[in-house]
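A, B, ... follow the sequence lines: proteins, then strands. Residue 1 opens every chain. Here the structure is a predicted model, which is why all the values come from computation and not from measurement.
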2 protein chains.
Amino acid sequence: MQIGELARQTGCEVETIRYYEREGLLPAPARSASGYRSYEPQHVEQLNFIRHCRSLGMSLADIRQLADYHRHPAPEPCDRVNALIDDQIRRVHSQIETLQQLERQLQALRDRCHSPHTLADCGILKTLEDASSGEPCVCHPTATDKKIAG
Amino acid sequence: MQIGELARQTGCEVETIRYYEREGLLPAPARSASGYRSYEPQHVEQLNFIRHCRSLGMSLADIRQLADYHRHPAPEPCDRVNALIDDQIRRVHSQIETLQQLERQLQALRDRCHSPHTLADCGILKTLEDASSGEPCVCHPTATDKKIAG
DNA sequence: CTTGACCCTATAGTAGCTACAGGGTGTGCA
DNA sequence: TGCACACCCTGTAGCTACTATAGGGTCAAG
């Protein structure tokens, strides 16, 4: 099967498939006489594995690890698989908390301006300006919540 | 004041300050005879403004807009400021919802493997493999929740 | 014999920084 | 005077996970 057909079967863009190959996530397939990539059904499965993990928010590095365990189902304990998933859950959870705090801060800022104003008189801009001069602001009640989310 | 001092006063890295200047967010300061950047107190305020907005998760493009309104407090209505903040709140909110769904999916996957297993017998890996072959999986009860979060 | 759909490689762009390499400047100390 | 060391400069490459070209080749149908 050609790359376009693989793309259709997996819902993954052609360029992304070539990118995964370059990154060593998807094994390089055989080539036709004219140099076209020629995929086997197992490639569909491998690509689905990658896309499934991506849909769970995992990094390509983590997926590479998982795919390795997948390919070599050794009789060792699967602690590292669990640890990998646990880390991912922790990361997602902490992102949620960061964003929830962000949402509260933005809402507090937004509450500064509800009725129609002019720019010169806008509570939002004024709050942002005051905060720039080091004054306390509604959005950041404590100093520690002002760090920038990665 | 030199760039290092500005960095110290604002908690912003020197490279980041130069980056903001390149991007047109922070006005280019005067230079000393030896070519060193020489900042005024107003630069502290402007940089604080940028960092404050960044801590609210705003993009540099949005911050550029806000800084423009800030510099030109015209007597027009501040609708666009409000719209900008509202958009940001919407974006943050939808990111939270996406991540919460992700967390549920990851937890469902994690629940597949609690007691000690070998790799060959790991419920997590098995679930991921089955999903790659198109079988229904615990993490994605419906097909629509499988899209990849940006 | 041409059109159009497909394929190839290589490179540059996205956001918001961060981290060099390779050089110059300025101050303190022996 | 010589040297160490902290600071500054520009320019460029790296990070993630793609996406989007440019510029070309291949193949089947009409």
Side-chain angles (χ1 to χ4, degrees), chain A residues 1-26 28-39 43 47 49-67 87-88 91-92 95 98 102 147-150, chain B residues 1-26 28-39 43 47 49-67 87-88 91-92 95 98 102 147-150:
Chain A
M1 131 189 30
Q2 289 189 349
I3 197 168
E5 180 57 26
L6 178 60
R8 236 164 279 125
Q9 283 193 28
T10 56
C12 181
E13 300 240 4
V14 165
E15 287 88 357
T16 306
I17 297 174
R18 286 197 279 248
Y19 170 70
Y20 288 158
E21 181 181 326
R22 273 202 306 282
E23 293 297 301
L25 273 133
L26 198 63
R31 297 283 183 135
S32 75
S34 53
Y36 289 12
R37 286 172 180 81
S38 178
Y39 293 97
H43 285 106
L47 184 50
F49 184 90
I50 297 171
R51 297 305 280 178
H52 190 178
C53 292
R54 283 292 298 130
S55 80
L56 292 170
M58 294 186 216
S59 71
L60 296 187
D62 280 359
I63 297 173
R64 224 185 310 262
Q65 271 295 313
L66 279 177
D87 280 354
Q88 179 65 10
R91 266 194 300 271
V92 169
Q95 277 178 40
T98 302
L102 256 186
K147 68 178 186 321
I148 290 173
Chain B
M1 137 188 27
Q2 289 189 349
I3 197 169
E5 179 57 24
L6 179 61
R8 238 163 278 125
Q9 283 193 27
T10 57
C12 180
E13 301 242 4
V14 164
E15 287 88 356
T16 307
I17 296 174
R18 287 197 278 247
Y19 170 70
Y20 288 158
E21 182 182 325
R22 272 201 307 283
E23 293 296 304
L25 274 132
L26 198 61
R31 296 285 181 134
S32 76
S34 52
Y36 289 12
R37 288 172 180 81
S38 177
Y39 293 96
H43 284 106
L47 185 50
F49 184 90
I50 297 171
R51 297 305 278 177
H52 191 177
C53 293
R54 282 293 298 132
S55 81
L56 292 169
M58 294 186 215
S59 70
L60 295 188
D62 281 358
I63 296 173
R64 225 186 310 263
Q65 271 294 313
L66 279 177
D87 281 354
Q88 179 65 12
R91 267 194 300 271
V92 168
Q95 276 178 39
T98 302
L102 256 187
K147 70 179 181 328
I148 290 172

Full working for side-chain contact (heavy atoms from CB on, under 4.5 Å) between B:H43 and B:M1: CA-CA 10 Å; B:H43 284 106; B:M1 137 188 27; over 6 Å; no

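- Scanning both residues, A:L102 and B:S55, for their nearest heavy atoms gives CD2-O, 3.3 Å.
- A:I17 places a side-chain heavy atom less than 4.5 Å from the side chain of A:Y39.
- Between A:L6 atom CG and C:dC8 atom P there is a gap of 11 Å when expressed in whole angstrom units.
- Separating the CG atom in B:L47 from the SG atom in B:C12 is a distance of 4.5 Å, to the nearest 0.5 Å.
- Residues B:T16 and B:R51 meet the side-chain proximity criterion, which asks for heavy atoms closer than 4.5 Å.
- If B:Q2 and B:R18 are placed on DNA chain C by their nearest nucleotide, the residue sitting closer to the 5' end is B:R18.
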Residue pair A:E21, A:R18: steps toward the salt bridge (Lys or Arg N to Asp or Glu O under 4.0 Å) verdict: CA-CA 5 Å; A:E21 181 181 326; A:R18 286 197 279 248; over 6 Å; no

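- If you measure from atom CD1 of B:I3 to atom P of D:dA6, you get 19 Å, rounded to the nearest angstrom.
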Write out a two-atom table: protein N or O, nucleotide N or O from nucleotides 15-20 of chain D, distance below 3.5 Å.
unit_1 : atom_1 : unit_2 : atom_2 : d
D:dA17 : OP2    : A:L60  : N      : 3.4
D:dA17 : N7     : A:Y19  : OH     : 3.4
D:dC18 : OP2    : A:Y20  : OH     : 2.8
D:dC18 : OP2    : A:R54  : NE     : 2.8
D:dC18 : O5'    : A:Y20  : OH     : 3.3
D:dT19 : OP2    : A:T16  : OG1    : 3.0

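- In this structure, A:Q88 and A:M58 approach most closely via the heavy-atom pair NE2-N, 3.7 Å.
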Identify each atom pair where a protein N or O and an N or O of nucleotides 23-27 of chain D are less than 3.5 Å apart, giving names and distance.
unit_1 : atom_1 : unit_2 : atom_2 : d
D:dG25 : N2     : A:Y36  : OH     : 2.7
D:dT26 : O4'    : A:Y36  : OH     : 3.1
D:dC27 : OP1    : A:S34  : OG     : 3.2

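- In terms of phosphate contacts, A:R37 brings no side-chain nitrogen or oxygen within less than 4.0 Å of OP1 or OP2 of C:dC7.
- Side chains of B:Y19 and B:L60 form a contact here, defined as non-hydrogen atoms less than 4.5 Å apart.
- Atom CD in B:E23 sits roughly 13 Å away from atom P in C:dG13 (whole-Å rounding).
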